[in-house]
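Read the numbers this way: they start at 1 and go in the same order the structure lists the ligands and their atoms. All of these numbers come straight from a predicted model, not from anything done at the bench.
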Amino acid sequence: MTSLHPETIALHGGFRKDPATNSVAVPIYQTASYQFDGAQHAADLFALKELGNIYTRLMNPTHDALEQRITALEGGVAALAVASGQAASTYAILNICQAGDNFVTSTDLYGGTWNLFSHTMKQMGIEARFVDPADPEAFARATDAKTRAWYAETLPNPKLQVFPIAEVAALGRKIGVPLIVDNTAAPIICRPLDHGAAVVMYSTTKYIGGHGTSIGGIVVDGGNFDWAAHAERFPLLTQPDPSYHGAVWTEAVKPLGPIAYILKMRVTLLRDTGAATTPFNAFLHIQGLETLPLRIRAHCENAAKVAAYLFTHPKVARVIHPSVQTGAARARAEKYLKGGMGGLLGFELKGGLAAGRAFIDALELFYHVANIGDARSLAIHPASTTHAQLTAEEQLATGVSEGYVRLSIGIEHIDDILADLEQALEKA
Ligand code: PLP
């Protein structure tokens, strides 16, 4: 299957039919382990002389179909599906950072990632250095010999300003630092690897799953970063690994292709810390993936219409969506987002906290949930939920005011979406 079109890859990429049964739908391989063909077969699998199934914590044919399909969609070389988006970002960093190391990250992050980086990683002795994403040079200025990666989100909410992927990735490549991009909010409409990112990750819980049914994450290796050329920066990939009988990952994978980063993640981090996905969740995320290109278009079209509607509403002070941005932010959105500007949208009610709460309580079609990327329309008022513990100044620094409402626009008929917003705004 050689198509380069995402609509086709999403249905056929990486899996055509089940080799055992000819099943067209990807089967749910609900098994913990796999019988070895004999002692030599088992020895070869454990020694990585042959790649194959050992134990579902490490690999599973259903997980493999999801990994191969997303790899094909992203233009990468291999992927690792894990239990959640949080597990994916944790592994993306821990795979190359150890105690005493640091990485540089954009300040515009999902709150859970912010906590992970500023608290849990710190407890592990890994320093996250936060920089302003609008200034690509800031990444270079914050970098030293112990910096192992740069990290950013393509379309971070609540600011929804597209990250300058190519500008930052190119600076990093000059000094041998890979850019890891969380593309959760922009699947299909952006392919970060095409712009120079080395690694892409997703919370598959969101648009990829698309139906709000199950938690998952995935890390995709671009295979486009020469770890060995910067060997001193990546000892975890270029020095003998005592946890795997002294394997040097950049050497060990040579017969298999440029997959040192992702193979090492699977056979050490996933083996040891065990944030495996499940065959059933992988199956559900494959189901979602099959219609993702269609759905993302509908999300984007509806969101742009909602942005235009809110833009002129008398109770709305500000609308946050790339389609209504101007200047540099708009130029970046046009450069990086193709076929739509995303389904996430924010707006600020003139009436502040009370208006935000009244609006949320009045919604009838929109669900009031802590999630994004469901086929259904979703809403949340961060000042009374995710951002409630922050001071008013801190809320503003993160781009959230007391009257700020976040919407994840679904794929219902646009007239019904606008009607629900209209009646809720009347009560706000
Ligand atoms: N990255 C982004 C941009 C997210 O929005 C989220 C979740 O909201 C995550 C990562 C974490 O994903 P999960 O909830 O699947 O652990």
What is the nearest protein non-hydrogen atom to atom 15 (O) of ligand 1, stated with its residue, atom name and distance?
->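 Ranking protein heavy atoms by distance from atom 15 (O) of ligand 1, first comes T205 OG1, 2.6 Å.
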
Considering only the protein, which heavy-atom contact is closest to atom 4 (C) of ligand 1, and what is its distance?
->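 It is Y110 CG, 3.6 Å.
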
So which of T386, V82, D182 gets nearest to atom 10 (C) of ligand 1, if we judge by its closest heavy atom?
->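 The option holding the nearest heavy atom is D182.
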
Just jot down the ligand 1 atoms closer than 4.0 angstrom to any heavy atom of [X], in number order.
X	value
I372	5 (O)
S84	15 (O), 16 (O)
G85	11 (C), 12 (O), 13 (P), 15 (O), 16 (O)
G216	15 (O)
Q86	11 (C), 12 (O), 13 (P), 16 (O)

Among F359, F311, Y404, ring-ring contact (aromatic ring centres under 6.0 Å, His included) partner for F347 |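 Only one of F359, F311, Y404 forms a ring-ring contact (aromatic ring centres under 6.0 Å, His included) with F347, namely F359.
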
Pick one: which of F130, F103, F163, Y151 meets ring-ring contact (aromatic ring centres under 6.0 Å, His included) with F139?
->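 Of all the options given, the one that passes is F163.
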
Counting only N and O atoms by type, is there a donor-acceptor contact under 3.5 Å from the side chain of Y367 to the main-chain atoms of D374?
->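 Checked: no pair found.
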
Count the heavy atoms of every other residue, nucleotide or ligand shown that sit under 6.0 Å from NZ of K122, and state whether that count exceeds 12.
->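 For K122, atom NZ is not crowded (no more than 12 foreign heavy atoms under 6.0 Å).
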
Heavy atom of A88, distance to ligand 1 below 4.0 Å |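 Distance cut 4.0 Å: A88 fails for ligand 1.
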
K206-ligand 1 polar pair, N/O distance under 3.5 Å |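 Among all N and O atoms of K206, at least one is under 3.5 Å from an N or O of ligand 1.
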
Consider every N or O of E153 and every N or O of ligand 1, then say whether any pair is closer than 3.5 Å.
->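 N/O-N/O distance under 3.5 Å: no.
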
Under the criterion side-chain contact (heavy atoms from CB on, under 4.5 Å), which of D226, N224, V168, L179 is the partner of R173?
->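 Of D226, N224, V168, L179, side-chain contact (heavy atoms from CB on, under 4.5 Å) with R173 is met by N224 alone.
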
Residues M201, V220; criterion side-chain contact (heavy atoms from CB on, under 4.5 Å); working and verdict | CA-CA 6 Å; M201 58 130 304; V220 185; over 6 Å; no

Any side-chain donor near an acceptor of the partner, D108 and S106, under 3.5 Å =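 Their side chains do not contain a donor-acceptor pair, so the 3.5 Å distance test is not met.
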
Polar contact flag, side-chain donor to acceptor under 3.5 angstrom, Y34-N60 =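 Short answer, yes.
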
